[in-house]
Amino acid sequence: MALNFIEFFQKGKTFRPKKKFEPGTLKHSLHKQAQASLNSGLNLRLAVSLPPGEDFNDWLAVHVVDFFNRINLIYGTVSDYCTEESCPTMSGGQKFEYLWADGHRYKKPTPLAEIGRASCRERV
């Protein structure tokens, strides 16, 4: 019994079975791309480090603006297609619904779709 327990936590073993995607599907293509990027040998720590001779505040400002622009692009794309009718809840599939609680205004976990509609009404 103890041997099975130890084997369970060995490197390379997972709690969930590894997913296998049918070749030719979108999931298979995305899985292959993700694996290729993870196995590319790219050092992410080096990729995001401050280049020598650069001012930290300038470097940070450029990256914050870039991050904002990318998020704004994603938001614009989603908001064009996600309406109250097409997206009544904000969810991650059928099993997960995103909730928000900040301890101040939203003390209980509240569906994010309700918060979005409330903030839209406040702006009007």
Side-chain angles (χ1 to χ4, degrees):
M1 179 70 176
L3 182 60
N4 290 337
F5 182 76
I6 293 170
E7 286 177 7
F8 185 76
F9 289 102
Q10 286 182 347
K11 191 171 185 150
K13 303 259 181 181
T14 62
F15 289 102
R16 290 180 236 146
K18 292 183 179 181
K19 294 192 178 199
K20 294 183 180 177
F21 303 105
E22 180 133 359
T25 63
L26 178 61
K27 286 185 178 183
H28 183 262
S29 175
L30 292 172
H31 176 71
K32 295 294 262 184
Q33 289 177 8
Q35 289 302 316
S37 67
L38 291 172
N39 297 329
S40 68
L42 177 67
N43 184 342
L44 292 178
R45 205 175 283 273
L46 184 62
V48 298
S49 64
L50 178 67
E54 290 290 328
D55 179 59
F56 173 75
N57 292 322
D58 291 342
W59 179 87
L60 182 62
V62 166
H63 285 82
V64 166
V65 169
D66 182 54
F67 179 75
F68 172 80
N69 288 335
R70 289 171 188 253
I71 294 297
N72 205 24
L73 182 65
I74 293 170
Y75 174 77
T77 303
V78 170
S79 66
D80 286 347
Y81 297 99
C82 193
T83 64
E84 286 186 44
E85 293 81 30
S86 64
C87 304
T89 62
M90 293 183 78
S91 63
Q94 295 178 350
K95 291 185 177 182
F96 302 99
E97 181 179 0
Y98 296 110
L99 305 174
W100 175 263
D102 60 11
H104 302 288
R105 185 170 178 185
Y106 299 96
K107 296 189 184 332
K108 292 183 181 179
T110 306
L112 284 171
E114 289 180 23
I115 294 170
R117 288 191 273 280
S119 67
C120 287
R121 286 191 295 268
E122 290 171 1
R123 284 188 237 137
V124 174

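Side-chain atoms are counted along with the backbone in the values below, which use heavy atoms only and exclude waters and symmetry mates.
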Exercise. Would you say I71 and V78 are hydrophobically clustered, going by side-chain heavy atoms of ILVMFWY under 4.5 Å?
Worked result: no
For this session: May I ask whether V64 and F56 are part of the same hydrophobic cluster, defined by side-chain heavy atoms of I, L, V, M, F, W, Y residues being less than 4.5 angstrom apart, directly or through others?
Result: yes
Problem set entry | Atom pair CD (E22) and OG1 (T25), whose distance is rounded to the nearest 0.5 Å | 6.5 Å
Exercise. Is there a path of hydrophobic side-chain contacts, each under 4.5 Å between heavy atoms of I, L, V, M, F, W or Y residues, that connects L50 with L60?
Worked result: yes
Seminar exercise, completed: Interatomic distance, NZ@K108 vs CG@L99, rounded to 0.5 Å, equals 13.0 Å
For this session: Answer yes or no: is there a donor N or O on one side and an acceptor on the other, between the side chain of K32 and the main chain of S29, under 3.5 Å?
Result: no
For this session: Compare all side-chain heavy atoms of P51 with those of W59 and state whether any distance is below 4.5 angstrom.
Result: yes
Problem set entry | Under 3.5 Å: donor-acceptor pair, side chain of T77, backbone of L73 | yes
Exercise. Between E97 and P111, which heavy-atom pair has the shortest distance, and what is it?
Worked result: OE2-CB, 3.4 Å
For this session: Measure the NE2-CZ distance between H63 and R70 for me, rounded to the nearest 0.5 Å.
Result: 9.0 Å
